[in-house]
Every structure is written in structure tokens, then in C-alpha cells.
Amino acid sequence: MKNEPQSGAYVIDGGFKLYGETEIMSAKNAVLPIIACCAAVRGEVRLGRCEQTSDAMAMLDILRSLGGKCRFEGMDIYIDCRGLDKHTVNRSLTSRLRSSVFILGPLVAALRKAEISYPGGCDIGVRPIDIHTSGLAALGVKLTEDGDKIVCDGRGLHGGETVLPFPSVGATENLMMAAMLCRGRTIIRNAAQEPEIADLQNFINACGGRVRGAGGKVITVEGTDSLHGTDYVPIGDRIAAGTFLIGGAMCGGEVTVKGADPSHLGSLTELLLAAGAEVTEYTGALTVSGNGKLKTVKKAETRPYPGFPTDLQAPVTAMMAAGEGKGYIIENLFENRFRHVPELRKMGADITVCGRAATVRGRRLHGAVVTAEDLRGGAALVLAALKAEGRSVVKDIYHIDRGYYDFDEKLRELGAHIQREKV
Ligand code: UD1
């Protein structure tokens, strides 16, 4: 995040159990591509249960810069892109979030042209966009680079078949959106299967599009002439839900998260059970309970969905660091996603990293002054601080604001001793 980070810190007194319920809102990773998709919708869209995370605000700013009208009313986002007529997104906007690349597909679909500066976002690895660009090329889009800009000429956009070399979430979504308004049929093979992709399909179809197969490995898009406005409620945020569940398991007590689908959290539930927490699943809710004395799980390895999500790797690292015993974490998705480890060490954690593997020996954690280096790593530091003995300060929490709204207030409602302070 290079753009106007709001400085701030969480001051946390650790060692308190968590009790109560927290309500999970629409998933950031579902909302972002859906907002981008609205660039190609000719009608008003209302998205329900949305929070003003800084990533969502940044994506709305991108639509505004292109001529779209967007506003928040309570928890609803209203978007009207009937007047959207610009196709260039400049660096000051794309540098705010990596997901700005999602705008390529909808712009190519709507205007047959797009131009964006290379996207920014969390510094968790190289994060190339070659799968996005080669997929777009397979649909007849001509791509050129102009300095740090990617320029798309979509006048030749047509349906086509493409096999992704890796099931990239963003590339799968971008291609679905590029294909939704072009002639013919598009087949995306080796597609990512994350629930947010099925949610994007459901949104496109609610606007009159014709997409099927999302959630599986093969997605078929039949191009249609136009998309109309709709009312839509994106799926609950499985990563936010997972973060609260891990916090409840680490601190002990009993925490219920409402508004998340337990079937989206199967890989985490397995880890929580292996660590010795109790998990109860309901329709649209989960409860975690225990005494806060966890075993360090033997191995947690990140994989594309339905495997264990990389976005919960850092919180699970914190959980393992505060458990009893030795375990391993393998990060297969991003090469630079252990930036929370040196910070956790300041709290007494015993973790060694070698390439994509981390060895964790559970220890009693103590309070420390630490710095969030990215979104989920920052959330992991908060969880570690809730568990640690004594006071911690987590700095640079603007990273956390990208994906968690009112994180401190929600944790306070569960009994955590956490305050947000300006520094
Ligand atoms: C999305 C999520 C992010 C999550 C990630 C993996 C959103 C808004 N973000 O990010 O929270 O951590 O999925 O589940 O939904 N890759 C390439 N070339 C490409 C695209 C990706 O090599 O063109 C690589 C990436 O560097 C990474 C892997 O593929 O190693 C997965 O990336 P991808 O699935 O695309 O993640 P995002 O869509 O960026």
C-alpha cells in the first residue's frame, strides 16, 4: 500500500478469553471483483452487507474515476455505471490495491479498451499478471505495454478456450468478466474454484449474464449483449470468519461467527480440531470453543481452494506459535508471505523459515511492539497479541483496514482488550 496510509496502532492487553457472537459481512474478495464487474453493468446495482474496508473504497474510487457513480448507504453500496465512459486508470489508483487488475476484464467487455498502470497491493511476493494477460489474449484482446502501463485493445474480443497454467483466482475472474459481453462461448479450463468465483458467476447471472460451472474447474461463459442492474448480497467473508475462529481457539472461551458458510471453512475446521479446539457447525454459522491450550498442528500447507487458504496462513502461524509442540507450515501460493514471522519472534515465537517452509515450536508469547507488514500478517499479530501475556502495540494497522472493518470494536465486543490509537 503506497497511497496515503493512515497511521495508527492497536494497543492490546493480552490474556483474556473471548466470548460471544460476531457477525460476518460480505467477503472482501467477493465484493472487489463484483464492484469491478459493475463497470460493465448498464443499470443500478445494490450490493448488500458491505463494509467500508479500504480496499472496497479504493475499488469504488476506480469506478468513480472512470465515470461511474458510487455511494455507501449504511451497509449497502449503490453503483451506477451507465455514464461510465473512460477506460484509463492511473497509477495513483492502481497502486492502492492489487485487485485493480480486475477492472481490465469489465472495461474490455464494456468499452472494448482498457489501460491501467501495473497494480499495487500487499507486498507478499512477485504477483505477476501473466495469466490474466495471456488469457485475455486468447479471447482476441491485443495487449501492449507502454512504460508501466498495460494497454488493452479489445476490438477483436471473441469467445475462446483457454487453459490456465495455474488456477489463479484473479485471472479466472478477469476472464469471466471479459467474456461476459462478447460474441460466442468462452471456456476457461483449470479455473480457480474459490467460493468467491461462484459468487461472481451468480452476480453476473443476476445481471442477465450467462455463466456456468464456477466453483468447478471448467467455467463456460456464453456472451450476452448487455447486463442490467440488480440487488445482490455477496457471500460472507470466510477469511474474516476464520480469523475470529482462530482468535477464539487461541484465547479460549466460546466464539460464534454468524454469516459465514461452514462448508467454505472445511480446511480450517480440520486444523482447529487437530489443535484441540471444539468446532460446531450450524447453517450459516460456526462456534469455536476451548480452554485456549492448543497443540501445535503438525502441518498446515496452503493450497488453492478447497485446500487450506493462504489468506489464513499467517493467523494459523500465530496460533501454532502460541501452541504446544512442533509443526510445519508450507506456503505454496506466495513466496513472500512470512513477513509476520520476524514480528511474531519479537513476541517470543520460535519460528524458523527456510524458503516456503516454516518450522514452528510452540511457546508462551509475551507482549511486544510489532509492525503489520501486510493485511493477513497484521491480523495474525493482533491474534498473537490477544493471546500474549502483557501489553502489545501493533503498528501500521492501515494494512489491516484493507480487509477488516472495525476489527477492534468487533474484538472488544467479544471481550478483548484492544484500543485503536493514532500515532
Ligand atoms: C486472490 C485473493 C487473495 C488470495 C489469493 C490466493 C482477491 C481479491 N484476492 O488474489 O486474497 O491470497 O487469491 O488465494 O480475491 N499468479 C501468476 N500470474 C498471474 C496471476 C497469479 O503467476 O497472472 C500467481 C501468483 O503470483 C500467486 C498465485 O498465482 O503465486 C495465486 O495468485 P492468484 O490466485 O491470482 O491470487 P489473486 O487473485 O491475486
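Numbering of ligands and ligand atoms starts at 1, following listing order. Positions are given from 1, in the same order as the sequence printed here.
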SB check Asp146 Lys149 (cutoff 4.0 Å):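 Salt bridge: no.
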Carboxylate-amine/guanidinium proximity below 4.0 Å for Asp350 and Lys326: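 A salt bridge is absent here (no side-chain N lies under 4.0 Å from a carboxylate O).
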Provide the number and element of each atom of ligand 1 under 4.0 Å from a heavy atom of [X].
X      : result
Ser99  : 8 (C)
Gly170 : 35 (O), 38 (O)
Arg337 : 12 (O)
Thr310 : 6 (C), 12 (O), 14 (O)
Asp311 : 3 (C), 4 (C), 11 (O), 12 (O)

If you measure from each heavy atom of Glu196 to ligand 1, is any distance below 4.0 Å?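 No; Glu196 lies far enough from ligand 1 that no heavy-atom distance drops under 4.0 Å.
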Applying a strict 4.0 Å limit to heavy atoms, is Ala171 in contact with ligand 1?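 Outside the 4.0 Å threshold, so no.
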What pairs of donor and acceptor atoms, side-chain ones from residues 226-245 against any protein atom, are under 3.5 angstrom apart with sequence neighbours left out?
unit_1	atom_1	unit_2	atom_2	d
His228	NE2	Cys207	O	3.4
Asp231	OD1	Arg46	NE	3.4
Asp231	OD2	Arg46	NE	3.2
Asp231	OD2	Arg46	NH2	3.4
Tyr232	OH	Asp199	O	3.2
Tyr232	OH	Asp199	OD1	2.7
Asp237	OD1	Ile239	N	3.0
Asp237	OD1	Ala240	N	2.9
Asp237	OD2	Lys28	N	3.0
Arg238	NE	Glu196	OE1	3.3
Arg238	NE	Glu196	OE2	2.8
Arg238	NH2	Glu196	OE1	3.0
Thr243	OG1	Ile239	O	2.7
Thr243	OG1	Tyr404	OH	2.8

Say whether Asn174 and His132, considering side chains only, have a donor N or O and an acceptor N or O under 3.5 Å apart.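 Yes, because at least one side-chain N or O of Asn174 sits under 3.5 Å from a partner of the opposite role on His132.
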Considering both backbone and side-chain atoms of Lys28, is one of its nitrogen or oxygen atoms within less than 3.5 Å of a nitrogen or oxygen in ligand 1?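 The answer is no, given that Lys28 and ligand 1 share no N or O pair closer than 3.5 Å.
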With sequence neighbours excluded, what pairs up with Arg112 under the side chain to side chain contact (heavy atoms under 4.5 Å, CB included) test?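 Here the qualifying residues are Leu157, Cys182.
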